[in-house]
Participant: 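Mind looking over this structure? Questions follow.
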Amino acid sequence: MTRPDRRRAVLTGLGAVSCLGAGVDAYGIGLLAGGAAPHDVDLPHMNMRAKRMYLTPPSAIPVEPVAHAGIPLGPAPRMAVAAAREALADAGIGDGEAARVPVVMGVEMGNASVQEEQRASGGGTPRWTPLAVTAAVVAEAVGSRAGASGIGNACAAGGYALGVALDMIRAGEADVVLVGGAEGVTRVGMAGFDRIRVTDPDRCRPFARDRAGTVFADGAAFAVLESADHAAARGAWPYAELGAAVWSCDSYHHPTAPEPDGVQLVRAMRDALADAGVRPDQVGCVLPHATGTLVNDAVESRALRRVFADVPDRPPVFALKALIGHGSGTAGMFACLAGALIASHGRIPANAPVDQDPECDVWLPQDGPLALTRPAVLVNSCATGGINASFVLSYAGGRA
Amino acid sequence: MSAPARLRVVGLGMTAPGALRPEHALELHGEAPPDWFDAEVLLPGRGYRKLPPGCRYLLAAARSALADTGAWFADLPAQEKAAVIGGNNAGATLQDDFDHTVIATGAADLSPARVPYMALSMFAGRLAPEHGLRAFSLAANSPAVAGLEALQTAARALAAGRATAVLAGAVEDRPAQAQGGGAAHDVGAAVLVCVSEGAPAAGELVYGHCSVRGAFVGEAPGVPEVSDVLDPLWKDLAAEGPPLARIDAVLDDSPAGEAVAAWLTARAGDRAITAVARPPGSGSLAPLRRVVGRLAAGPPERAVVLAVSAHGHVAMADVVPSASGVP
Amino acid sequence: MSTATPTRDELRDFFAEELELPADVVGYEADFEADLGVDSLATMEILVQLEKKYGIRLEESEFSGLTSVNAVHAFLADRLRAA
């Protein structure tokens, strides 16, 4: 399906701070090298069963900015600034050019660590510290004057932020959008998920027979999304085209479980492919949401089988969270970065070794990186509450 | 850049202390009395009792807004209906209580049913099974401007064809102790049933039309810098449509708030300005209340509702009530 | 802390109150999720209250089998007798 009337959007810059280190190079190399391992979280009062996260090395966490509008900033907004600056520099957008670039962020817990430190220390009454201050911190740091939006769609926030950014480009509201996510370590977040038994005390092992829940990760991931014409006019090299970012919701009565048949997830994936003009047999890799929870991985496996039912050789699936954990509000953006790297470099990292659950009937290649043999990468980004997003990244053919 | 998408408002719901109907939305109130939300009247039915208070306010506001649309909304296919809800403090007290529990005794003593409501998205998400929404549910959380941003995001999504009708709104509860919020000044929920400006008539009632522009002025701007950012938006806004009669500004005494206030005074001319003070710890409902009130309570004049956060966010809603010249 | 086993009727009435349903709808055999449409977190929430009320701790594996008033009653009777 071609739509000559519609503005196309490409990713021209990437930035990351993750458990694999500072920078998108460390991220890409780390994925090909097999990813990271989770560690116990070093916070006071970790009174819970599952205490591990895939943690960003302290040396990769910048010390600045220390405050914004009088409130102290925790590691998450600081990592966001570093990743956002890297993405802009990578895209070749210099200081002073970012004023017209809106910032759109998936962010849920945001600056929560500052509140948690105050509670743990029994400190006095501070200035009001909203959680979702991160997009403003990024806008301040990069000099944006075009708006700073926070989208709190929990673990699907990345897919929703990309959708909002794509709508802005397509509507001609902006030529360039800085889109990202950033989350830190939060005791209360971990405790909540521990309470409802969806976190694994050991490690994140999507699609494994013995999977026991997800394991969270901190970090920040940003991308510069730009109209293809704008990128071409300034000679910017695109990693990938964002052909679609489609949303759906289950409207299911359970507050945390997905709808068992995955009907709305299937619809999001199919509509995303259709909107991007990509047939299922043109998908060379799927980055599933794949959290490692019992229910999500089984439901998503069934949904993927339906979407690719008519494709003779189904695409390889890359379960990213087995390598870097679940970035919650950042997870969708980490998947976007991995998908963009796969689409542009043509190489799919190997999955972590897994004793695969027969209930999760997907192809999980584990013997070294694979070549991407078809142009498109399909990515899912979902959340509790039956919130689904599915987006399509395609090889953009070198210069736009 | 192109003008922002406009939307048409076909239903209004308001649930806040002293403002249990949209036409009371402009009335200011003090501290909320503890029993202001009478669930038997505002949210009768089963399965709501254990929800966090904010979620009940939101459900009540949505129910009230949808009463305006009759069967039209209910009859739309589920995959054409969506929700975009803004909020800053809706889950704040819950997170605060939870963390204190974890510190004191451990995660095993947390209430399982309330865990999902640590995420703002659950508040919007709870509307989905309630009203059969399958297009999407989205949570906006920027300080102070999230309510107006919900309208902006709804308009953009409607224009992009993501849905036919969107419940756009805001929900707030008391800020938590660890946020240093102090007394609550911005509690309750507002919901607007929105359709695309160009969509066929969606029922008999049309409250009016709305579009929202966003900007960022930084944490400590001077008036000249604010002018550089906001003048183009202002000119764009004033370039067409009926005359702009009044301005409602929801501001605090932060450097950003004061700089925008000074800019506004210079630009407003003889238009009536209503300045609504935004105490520290307030959320994102107050600006949306102004929109609801302007649409529901008139006078039928075009109004701008402006909100500024201490962190530098600015949102500007262009509100055109039905009887003021636009069909 | 009470360790006396509740009667089936007491337990049914407790669930009826918590679920905001008439006692005769809750009954003894109705499956909380399949018949009454109660989600697993809401069920867990009620079982947590029973933990506190009767001074017991449920293992993770035990939650999944407690899907009706009869099942909960039998479990409590067994556990409290053993205590």
Side-chain angles (χ1 to χ4, degrees), chain A residues 45 47-49 68-69 107-108 115-116 118-120 125-133 135-136 139-140 144-154 160 164 167-168 170-174 187-189 191-196 247-249 251-253 255-256 264 267 383-387, chain B residues 1-2 4-5 78-79 88 95 98-100 102-103 105-108 110 112 115-116 118-122 125 128-129 132-143 149 153 156-157 159-160 162 175 177-182 214-219 229 254 280-281 309-313:
Chain A
H45 313 298
N47 302 319
M48 62 197 77
R49 182 186 54 109
H68 180 79
V107 60
E108 185 78 53
Q115 298 180 4
E116 294 189 358
Q118 279 157 349
R119 288 188 203 107
T125 301
R127 216 177 147 81
W128 182 54
T129 307
L131 293 176
V133 73
E140 184 83 37
S144 167
R145 290 296 179 262
S149 303
I151 293 169
N153 269 41
Y160 279 75
V164 167
D167 286 354
M168 293 167 95
R170 283 181 174 172
E173 237 186 278
R187 172 179 55 233
V188 71
F193 286 105
D194 184 73
R195 180 66 181 114
I196 61 173
W247 308 332
S248 74
C249 84
S251 199
Y252 185 57
H253 75 91
T256 54
Q264 298 307 315
R267 185 167 71 83
T384 58
I387 297 170
Chain B
M1 295 286 99
S2 62
Q79 63 198 55
N88 301 148
Q95 273 193 27
F98 269 17
D99 202 22
H100 284 301
V102 175
I103 290 169
T105 58
L110 300 180
V115 164
M118 285 198 300
L120 176 66
S121 51
M122 270 309 294
L133 318 177
R134 286 190 158 149
F136 62 88
S137 84
L138 196 149
N141 57 19
S142 305
E149 258 184 18
T153 305
R156 204 184 269 133
R162 292 185 184 274
Q177 192 61 41
Q179 289 175 300
F216 186 78
V217 297
E219 59 178 327
V229 177
S254 66
S309 78
H311 315 93
H313 304 87

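Model, not experiment: these values are computed from the prediction.
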Participant: How far apart are the closest heavy atoms of Ser142(B) and Ser149(A), and which atoms are they?
Facilitator: OG-CA, 3.5 Å
Participant: Where on Val229(B) is there a heavy atom nearer than 4.5 Å to chain A: the side chain, the backbone, both, or neither?
Facilitator: side chain
Participant: I'd like to know if the side chain of Glu219(B) and the backbone of Glu140(A) have a donor-acceptor N/O pair within less than 3.5 Å.
Facilitator: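 It does not hold such a pair.
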Participant: Is the ring pair Trp247(A)/Phe136(B) parallel, tilted or perpendicular, if the boundaries are 30 and 60 degrees?
Facilitator: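 Ring orientation of Trp247(A) relative to Phe136(B): perpendicular.
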Participant: Quick one: ring-ring contact (aromatic ring centres under 6.0 Å, His included) partners of Phe193(A), sequence neighbours excluded?
Facilitator: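 If we apply the ring-ring contact (aromatic ring centres under 6.0 Å, His included) test to Phe193(A), skipping adjacent residues, the hits are Phe216(A).
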Participant: Are side-chain heavy atoms of Asn141(B) and Leu131(A) found at a separation under 4.5 Å?
Facilitator: no
Participant: Return the set of residues passing salt bridge (charged side-chain N to carboxylate O under 4.0 Å, His left out) with Asp99(B) (not counting sequence neighbours), or none when no residue passes.
Facilitator: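 In terms of salt bridge (charged side-chain N to carboxylate O under 4.0 Å, His left out), with neighbours along the sequence ignored, Asp99(B) is linked to Arg119(A), Arg187(A).
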Participant: Which pair of heavy atoms, one from Tyr160(A) and one from Ser137(B), lies closest together, and at what distance?
Facilitator: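 Closest heavy-atom pair between Tyr160(A) and Ser137(B): CE2-O, 3.7 Å.
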Participant: Measure Asn153(A) against the heavy atoms of chain B and call it side chain, backbone, both or neither at under 4.5 Å.
Facilitator: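 Both backbone and side chain.
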Participant: Need one label for Arg134(B): side chain, backbone, both or neither, based on atoms under 4.5 Å from any heavy atom in chain A.
Facilitator: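 Both parts, heavy atoms under 4.5 Å.
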Participant: So for Ala108(B), is it side chain, backbone, both, or neither that comes closer than 4.5 Å to the heavy atoms of chain A?
Facilitator: backbone
Participant: Specify the closest pair of heavy atoms between Gly132(B) and Ser251(A), including all atoms of both residues, with the distance to one decimal.
Facilitator: CA-OG, 3.6 Å
Participant: So what's closer than 4.5 Å to chain A heavy atoms on Glu149(B): side chain, backbone, both or neither?
Facilitator: side chain
Participant: Quick one: which of Ala215(B), Ala159(B), Pro116(B) has the most heavy-atom pairs under 4.5 Å with chain A, could you say?
Facilitator: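 Top option by heavy-atom pairs under 4.5 Å: Ala215(B).
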Participant: Can you tell me how far apart CD (Gln264(A)) and CD (Gln79(B)) are? Round to the nearest 0.5 Å.
Facilitator: 6.5 Å
Participant: Check for a donor-acceptor pair, side chain of His68(A) on one end and backbone N or O of His311(B) on the other, with a separation under 3.5 Å.
Facilitator: yes
Participant: Could you tell me which portion of Ala146(A) (side chain, backbone, both or neither) has an atom closer than 4.5 angstrom to a non-hydrogen atom of chain B?
Facilitator: backbone
Participant: Sort out for me which of Val164(A), Val188(A), Ile387(A) touches chain B most, counting heavy-atom pairs under 4.5 Å.
Facilitator: Val188(A)
Participant: For each of Arg156(B), Arg162(B), Met122(B), Met118(B), tally heavy-atom pairs with chain A at distances under 4.5 Å, and name the one with the top tally.
Facilitator: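 Of the candidates given, the most pairs with chain A belong to Arg162(B).
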Participant: Need one label for Thr256(A): side chain, backbone, both or neither, based on atoms under 4.5 Å from any heavy atom in chain B.
Facilitator: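 Contact with chain B involves the side chain of Thr256(A) alone.
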Participant: List the atom of Pro130(A), the atom of Pro143(B), and the distance in Å for their closest heavy-atom pair.
Facilitator: CG-CG, 3.8 Å
Participant: So which of Ala148(A), Gly385(A), Gly189(A) has the biggest tally of heavy-atom pairs under 4.5 Å with chain B?
Facilitator: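 Of Ala148(A), Gly385(A), Gly189(A), Ala148(A) has the most heavy-atom pairs under 4.5 Å with chain B.
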Participant: How close do Ile196(A) and Pro112(B) get, heavy atom to heavy atom, and via which atoms?
Facilitator: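 For Ile196(A) versus Pro112(B), the nearest heavy atoms are CG2-O, 3.7 Å.
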Participant: Let's test your reading of the structure: which of Gly125(B), Gly312(B), Pro129(B) forms the most heavy-atom pairs below 4.5 Å with chain A?
Facilitator: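 Highest number of heavy-atom pairs under 4.5 Å: Pro129(B).
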Participant: Among Ala160(B), Gly214(B), Ala135(B), Ala5(B), which residue has the highest count of heavy-atom pairs closer than 4.5 Å to chain A?
Facilitator: Ala135(B)
Participant: Can you confirm whether Asn47(A) sits close enough to Thr105(B) that some side-chain heavy atom of one is under 4.5 Å from a side-chain heavy atom of the other?
Facilitator: no
Participant: Where do Ala154(A) and Ser121(B) come nearest, in terms of heavy atoms and distance?
Facilitator: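 Reported closest heavy-atom pair: CB-OG, 3.4 Å.
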Participant: How long is the straight-line distance from NE2 of His45(A) back to NE2 of His100(B), given to the nearest 0.5 Å?
Facilitator: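 Nearest 0.5 Å value for the NE2-NE2 distance: 10.5 Å.
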Participant: Counting only heavy atoms closer than 4.5 Å, note whether Ala140(B) contacts chain A via side chain, backbone, both or neither.
Facilitator: both
Participant: Does any backbone or side-chain atom of Arg267(A) lie under 4.5 Å from a heavy atom of chain B? Answer side chain, backbone, both or neither.
Facilitator: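 Arg267(A) touches chain B through side-chain heavy atoms alone.
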